[in-house]
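To find a chain, count down the sequence lines: A is the first, B the second, and so on, and within it residues start at 1.
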Protein chains: 2
Amino acid sequence: MIDSTTTSTTATGTNTTATAPLAQERFTISEVAALTGLSAHTLRWYERIGLMPHVDRTHTGQRRFTRRDLDWLAFVGKLRLTGMAVADMVRYAELVREGSHTHDQRRAILEGTRDDVVARIAELQDALAVLDRKIDHYGTICGGTPS
Amino acid sequence: MIDSTTTSTTATGTNTTATAPLAQERFTISEVAALTGLSAHTLRWYERIGLMPHVDRTHTGQRRFTRRDLDWLAFVGKLRLTGMAVADMVRYAELVREGSHTHDQRRAILEGTRDDVVARIAELQDALAVLDRKIDHYGTICGGTPS
DNA sequence: TACTTGCTTGGAGTGCACTCCAACCTTTTA
DNA sequence: TAAAAGGTTGGAGTGCACTCCAAGCAAGTA
């Protein structure tokens with residue numbers, strides 16, 4: 001999908017070769033951890049279980065994440081916030097790797113997730129109402145029923 | 001959720017039957033499981049960890065839940081929906097058992113939980129917006145970027 | 001050269017919230 | 001009387017999503 005001729009320059013750390021286009025910035029695992037809030041452990045685990053597209057490596061085998069990887073991780077983060085199971089995210093990632101003929105399945109997964117989110121928001125709003133009533137009760141009566 | 005005419009002749013044990021006031025209805029563990037949607041296993045576990053007030057027993061040692069127990073379980077169910085950790089619910093239950101002088105602490109716990117719920121709703125709405133944009137994208141473009 | 005920092009791996013461990021098991025006991029039904 | 005239905009217990013097992021470990025490699029610094 002990306003042209004990405006491996007610029008090959010450095011080995012470790014923030015390279016940021018002044019002449020390289022921004023689109024080819026490369027990030028170490030700890031940089032990505034700092035940027036995403038995920039641990040390096042979790043990033044490696046995501047890759048192992050198939051939740052990341054192939055992450056590029058240096059000649060010594062260290063990971064170098066691209067901006068595209070960061071975008072993907074940001075999206076995965078949103079899916080995670082929805083409460084979607086990791087296994088379902090992996091399924092989604094597989095569909096992405098399979099190519100554009102899986103668009104319908106991907107949309108179906110996302111729509112299912114959206115429905116779950118809508119339902120969850122309703123649940124939370126209901127629980128919030130109960131909580132507010134209870135808090136109000138404590139605020140005004142301060143000696144009511146034991147519950 | 002709770003059907004008020006269940007028991008009356010629940011065979012076993014100390015039940016005072018037809019002449020007893022409604023307030024003294026008693027429910028077996030499987031009746032409570034059916035009414036709450038929790039498993040009997042989970043109900044026993046709740047009691048073991050201190051999430052239930054003492055549940056009354058028949059002379060043979062079987063549990064008999066009261067309507068008050070059902071009310072408590074309904075409230076616990078709401079707390080569970082908020083995503084509150086079980087350990088925190090146990091802490092709340094302990095405060096209830098300690099008496100009315102713990103009202104302030106209880107209210108504080110509930111207010112903290114409410115704040116969490118409000119934040120969680122905001123997160124979900126944010127994720128929902130991302131999801132909707134993505135779904136819309138699949139609906140209209142059907143051939144875009146791999147994400 | 002020695003040390004420090006940062007990365008690699010497979011596999012084991014953790015914490016949560018259940019969920020189930022085995023062995024046993026009452027009560028009700030056939 | 002026998003079997004079925006429903007209850008009891010402590011403790012072990014499950015599934016999820018991480019989280020950590022040990023042993024080792026590569027590059028930069030004093």
Please assess A/T102 against A/R97 for the test side-chain contact (heavy atoms from CB on, under 4.5 Å), listing each intermediate value before the final yes or no.
CA-CA 9 Å; A/T102 63; A/R97 283 196 290 279; over 6 Å; no
When rounded to whole Å, the CH2 to C1' distance for the pair A/W45 and D/dC20 reads 14 Å
From NE2 of B/H59 across to C1' of C/dC25 the rounded distance in Å is 12 Å
Sidechain N-carboxylate O distance under 4.0 Å for A/R107, A/D104
yes
Are A/R44 and A/E47 within salt-bridge range, i.e. N to O under 4.0 Å?
no
Just N and O in the side chain of B/Y46: are any of them under 4.0 Å from OP1 or OP2 of C/dA17?
no
Taking only the side-chain nitrogens and oxygens of A/H41, find out if one of them lies under 4.0 Å from OP1 or OP2 of C/dC7.
no
Nearest heavy-atom pair of A/A127 and B/T82: which atoms, and what distance?
CB-CG2, 3.7 Å
Might you list the N or O atoms of the protein lying below 3.5 Å from N or O atoms in nucleotides 10-14 of chain D, with each pair's distance?
residue	atom	partner	partner atom	Å
D/dG11	N7	B/R48	NH1	3.3
D/dG11	O6	B/R48	NH2	3.4

A/D69 and A/T66: side-chain donor and acceptor closer than 3.5 Å?
yes
Within residues 77-91 of chain A, find the residues that approach DNA chain D with a heavy atom at under 4.0 Å, and present them sorted by residue number.
A/R80, A/A85, A/V86
For the residue pair B/F75 and B/Y92, does the interplanar ring angle fall in the parallel (under 30°), tilted (30 to 60°) or perpendicular (over 60°) class?
tilted
Would you say NE2 of B/H54 has more than 12 non-hydrogen atoms from neighbouring residues, nucleotides or ligands within 6.0 angstrom?
no
Residue pair [X] / [Y], side-chain heavy-atom distance below 4.5 Å:
| X | Y | result |
| --- | --- | --- |
| A/R64 | A/R57 | no |
| B/M84 | B/V117 | no |
| B/Q62 | B/I29 | no |

Base contacts versus sugar-phosphate-only contacts with protein, heavy atoms under 4.0 Å: please encode nucleotides 2-8 of chain D as B, S and - from 5' to 3'.
----SSB
